[in-house]
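For reference, the structure is listed below as structure tokens.
Please read these numbers as outputs of a predicted model, since none were measured by experiment. Any value given below was found using the heavy atoms of this structure, including those in side chains, with hydrogens, waters and symmetry copies removed.
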Amino acid sequence: QVRMVESGGGSVQAGGSLRLSCAASGDSNGRYCRGWFREAPGKEREGVATIDIDDNHFYADSVKGRFTISKDNDKNTLDLQMNSLKPEDTAMYYCAAYSRGVASRCMSLQRGTYTYWGQGTQVTVSS
């Protein structure tokens, strides 16, 4: 079973940057697809970014051009570089994973697809 631990959250002013990191254990063979989600107060948890098996990146429209997802297979980490942050980016950010099936390409940003969740890291952007 995969376990994820997020780090790197904090408080910044609008226009600033933060880098989140997700350290995974129990996935040494790449058997899991992983992505980043966020949940703002009073809103549903939404997919932010993921990387597919061909290293293509997928982003929510609200973060395109500002956020960049990356992975380090040797360190088994999944990072999210967030630039030009806006107050509406304020949320708890979660790293999530699901077991990769034979035909899975790891393209999903749908919450229901993901089975395993980290504890989250808070990002607060002030205006």
Side-chain angles (χ1 to χ4, degrees):
Q1 179 173 328
V2 67
R3 291 185 61 192
M4 286 82 64
V5 178
E6 303 94 337
S7 61
S11 297
V12 295
Q13 290 190 327
S17 299
L18 283 173
R19 187 177 184 88
L20 306 183
S21 185
C22 172
S25 59
D27 186 23
S28 59
N29 297 319
R31 295 180 291 118
Y32 294 87
C33 302
R34 285 185 280 163
W36 282 99
F37 285 72
R38 67 184 181 185
E39 186 171 337
K43 295 186 178 181
E44 293 195 357
R45 193 170 299 187
E46 63 173 354
V48 175
T50 189
I51 299 180
D52 75 5
I53 60 173
D54 293 323
D55 287 334
N56 295 306
H57 298 182
F58 297 89
Y59 299 97
D61 289 342
S62 58
V63 306
K64 283 181 181 177
R66 300 187 298 119
F67 291 12
T68 303
I69 191 171
S70 61
K71 64 180 178 178
D72 186 323
N73 292 327
D74 291 335
K75 296 181 180 179
N76 216 1
T77 57
L78 185 74
D79 290 355
L80 186 68
Q81 177 66 42
M82 306 185 296
N83 298 328
S84 301
L85 283 162
K86 304 175 180 180
E88 50 263 44
D89 294 318
T90 295
M92 185 71 80
Y93 283 71
Y94 298 90
C95 184
Y98 62 97
S99 181
R100 176 185 162 190
V102 173
S104 176
R105 298 187 58 81
C106 297
M107 296 169 55
S108 177
L109 278 176
Q110 299 299 315
R111 176 183 180 178
T113 305
Y114 288 75
T115 308
Y116 305 100
W117 296 85
Q119 293 300 307
T121 185
Q122 178 68 38
V123 171
T124 302
V125 185
S126 58
S127 58

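Summarising the geometry, atom NZ belonging to Lys71 is positioned 8.0 Å from atom NE2 belonging to His57; distances are rounded to the nearest 0.5 Å. Here Ser7 contributes atom OG and Leu20 contributes atom CG; the two are 8.0 Å apart, rounded to the nearest 0.5 Å. Here Leu80 contributes atom CG and Thr68 contributes atom OG1; the two are 8.0 Å apart, rounded to the nearest 0.5 Å. For the atom pair CH2 of Trp36 and CG of Leu109, the computed distance is 13.5 Å after rounding to the nearest 0.5 Å. Here the straight-line distance linking atom CD1 of Ile69 with atom CG of Asn56 works out to 12.0 Å at 0.5 Å rounding. Expressed to the nearest 0.5 Å, how far CD1 of Ile51 lies from SG of Cys33 amounts to 11.5 Å.
Ring geometry for Phe37 versus Trp117: interplanar angle over 60°, hence perpendicular rather than tilted (30 to 60°).
When all heavy atoms of Ala91 and Arg38 are compared, the closest pair comes out as CB-CB, 3.8 Å. Closest approach of Glu6 and Gly118 over heavy atoms only: OE2-CA, 3.2 Å. For the residue pair Gly120 and Met92, the shortest heavy atom distance occurs at C-SD, 3.7 Å. When all heavy atoms of Ser108 and Thr113 are compared, the closest pair comes out as OG-OG1, 3.0 Å. Tyr116 and Tyr98 get closest at one heavy-atom pair: CD1-CA, 4.4 Å. The two residues Leu18 and Gly8 have their closest heavy-atom pair at CD2-O, 3.9 Å.
For CD of Glu88, the number of neighbouring non-hydrogen atoms (other residues, nucleotides, ligands) closer than 6.0 Å is greater than 12.
Contact check for Arg100 versus Ile53: side-chain heavy atoms found under the 4.5 Å cut-off.
At a cut-off of 3.5 Å, with distance as the only test, a side-chain donor of Asn83 or Gln81 sits close to an acceptor on the other residue.
By the 4.0 Å N-to-carboxylate-O rule, Lys86 lies too far from Asp89 to be salt-bridged with it.
Looking only at distances, no side-chain donor or acceptor of Thr50 sits under 3.5 Å from a matching main-chain atom of Met107. Arg66 places a side-chain N or O within donor-acceptor distance of the main-chain N or O of Ser84, the cut-off being under 3.5 Å. Not a single donor-acceptor pair under 3.5 Å links the side chain of Tyr114 to the backbone N or O of Cys95. Between the side chain of Ser25 and the backbone N or O of Val2, no donor-acceptor pair lies under 3.5 Å. Under a 3.5 Å cut-off, the side chain of Tyr94 and the backbone N or O of Glu39 do not form any donor-acceptor pair.
Neither Val48 nor Met4 shares a network with the other; the hydrophobic side chains, linked directly or stepwise wherever heavy atoms of I, L, V, M, F, W or Y lie under 4.5 Å apart, form separate groups for each.
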